[in-house]
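Shown next, in structure tokens, is the structure this report addresses.
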Amino acid sequence: PKLSINSLFFLFSIYKYFVPLPPIYKSANQQINTMSLKQEIQKRRTFGIISHPDAGKTTLTEKLLLFGGAIQEAGAVKSNKIKKGATSDFMEIERQRGISVATSVLAFNYKEHKINILDTPGHKDFAEDTFRTLTAVDSVIVVIDVAKGVEEQTGKLVEVCRMRNIPMIVFINKLDREGKDAFDLLDEVEQKLGLKVTPLSFPIGIGYDFKGIYNIWEKNINLFSGDSRKNIEETIAFNDINSPELERIISERSAANLRSDLELVYEVYPKFDREAYLNGEQQPVFFGSALNNFGVRELLDCFVEIAPSPRPKASEERIVNPDEPSFTGFVFKIHANMDPNHRDRLAFVKIVSGTFERNKPYLHTRLGKKLKFSSPNAFFAEKKEVVDISYAGDIVGLHDTGNFKIGDTLTEGEMLHFKGIPSFSPEHFRYINNADPLKSKQLEKGIDQLMDEGVAQLFKLDFNGRKVIGTVGALQYEVIQYRLEHEYGAKCSYENFPIYKACWVEAPENPKDPEYLDFLRVKQKFLARDKQNQLVFLADSAFSIEMVKQKYPNLKLHFTSEY
Ligand code: GDP
């Protein structure tokens, strides 16, 4: 039979539905997917701002959010909001205390980039919280007050970043005030913080004489207009610092000073080297005034260009790369019920690789069980909202009814355990007692949950079962007491327990090792179990640790829980 031309057309038109796509199309599609995953990850900048309290971290955060259009006006946040309340803090108690207890996430878009700021409490009593948050950032900005220089808390936090080779940018703030000489300050930063700096901007005058900033990175001059030192700025491209134009723009004296300052900068400090910055071997420095919004855009523009997108992370099993298609992530923070009507908690998960999708089952590797999340929260500025998909580098907040502990890993099925959220020895130790015998169950539950959140560490004495709470700062005892009462309806009291440090004891290969058994017998009253049931020696003095080391030379003592 002859085929009509019409039927040929017809056959041709349906042909494509029966023939599978040539393989080239398929792989092109897949390529597009991995491409877009890669692009999404490349866009992301997840970082933390660290500083000593009052250096201006909150003010800087607010100004960054303004640039991202995430908030509308400075006043809105400045009237106590980030500082004493809503934006970065969730709980009543935090509002009351006016301390940024919480570590929350503020995200915004800027120039094709998705920026996630992980807020870190500056108060020293919450240092452990900050240490944990630093496991979830890909870089940090260190804020230093020009008048106060390097302060205690800055030192501790920078040390943690240095140990982990986290890329750091330094922002020297409050240039509108009288402060230290810029070179002295750079010296101080190098010496006290052990950094290798290179200025990417330099102040033109300081305090009363502060006229503006020479931007070494962009080669331009930013000037305050008039004497107000408020907001209004003029940016003048300025490639050649020796041009006579400079005298016209700033005064003759300032021009001469700037030229000699820059000469010294170029002579003394190495050129900016991005590799070195990314490896944590060099730290660029910017100067400015967060309050007056001066030097902040320059910082942000450079930051999005040079700061790393999400970095690979080590698990016990292997290194995980962010652009692997399968989702992996870990819990770095747990926040108790922000809504008093709901008894749930929010577990903050940093996505290490792939995408996190709503309603997809994920493996909780510690419990070995699959969990689904119907309303994962993503963060945008001061709001959180339910999202369908988030990418490596992002933080998702998962509602949790008690499955999570800090450090837990989630995957699509692979047995992985991310490393690096150790507990350190607390500084303070107190017995905790039940002050309302009718509420012992509530007390038990409250203590349990607060410890999972990482508010403090619980030790149970081996010989009498008494509970000891260890904290970094004395303030935590009040926080715990307050929260036990207001969230769990339980009352507690404390009793002093003069302990110097907790040391984790590594069990010997031979559990019958005579030296080990002797230690266990002699120190019986000072032995306890932590929440993971690891053996801990609560030493009452530095001297007794020394004595133990001398008497039991083969015994292995550790000052962190991960060894
Ligand atoms: P944080 O504790 O590090 O978050 O510090 P804040 O951002 O709350 O700032 C502490 C105080 O310093 C506040 O009173 C701010 O208004 C003030 N401050 C912040 N940045 C500047 C600045 O650039 N210049 C001046 N003069 N004050 C500033």
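Counting starts at 1 for both ligands and their atoms, in listed order.
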Atoms in ligand 1 flagged as close to [X], the criterion being non-hydrogen separation under 4.0 Å:
| X | value |
| --- | --- |
| S51 | 3 (O) |
| K57 | 1 (P), 3 (O), 4 (O), 5 (O), 7 (O) |
| A290 | 23 (O) |
| P53 | 2 (O) |
| S289 | 22 (C), 23 (O), 24 (N) |

Which residues share a salt bridge (charged side-chain N to carboxylate O under 4.0 Å, His left out) with D138, sequence neighbours left out:
K350
Fit a plane to each ring of [X] and [Y], take the angle between them on a 0 to 90° scale, and name the class: parallel (under 30°), tilted (30 to 60°) or perpendicular (over 60°).
| X | Y | value |
| --- | --- | --- |
| Y110 | F108 | perpendicular |
| F418 | F330 | tilted |
| Y277 | F272 | tilted |

Electrostatic pair E453-R483, nearest N-O below 4.0 angstrom
yes
Pick one of side chain, backbone, both or neither for how K174 approaches ligand 1, counting any non-hydrogen atom pair under 4.0 Å.
both
Does N173 approach ligand 1 within less than 4.0 angstrom via side chain, backbone, both or neither, non-hydrogen atoms only?
side chain
Could you check, using the six-membered ring where one of them is a Trp, whether Y391 and F356 have ring centers closer than 6.0 angstrom?
no
How about F559 and F424: are their ring centres within less than 6.0 Å of each other?
no
Minimum non-hydrogen distance to atom 7 (O) of ligand 1, winning option of V296, D176, T59:
T59
Any nitrogen or oxygen of [X] lying under 3.5 Å from a nitrogen or oxygen in ligand 1? Just yes or no.
| X | result |
| --- | --- |
| N292 | no |
| L291 | yes |
| G56 | yes |

Result block: side-chain N/O donor-acceptor pairs under 3.5 angstrom for residues 183-190, not counting sequence neighbours:
{"from": "E188", "atom 1": "OE1", "to": "K180", "atom 2": "NZ", "distance (Å)": "2.9"}
{"from": "E188", "atom 1": "OE2", "to": "V150", "atom 2": "N", "distance (Å)": "2.8"}
{"from": "E188", "atom 1": "OE2", "to": "K192", "atom 2": "NZ", "distance (Å)": "3.4"}
{"from": "E190", "atom 1": "OE2", "to": "V197", "atom 2": "N", "distance (Å)": "2.9"}

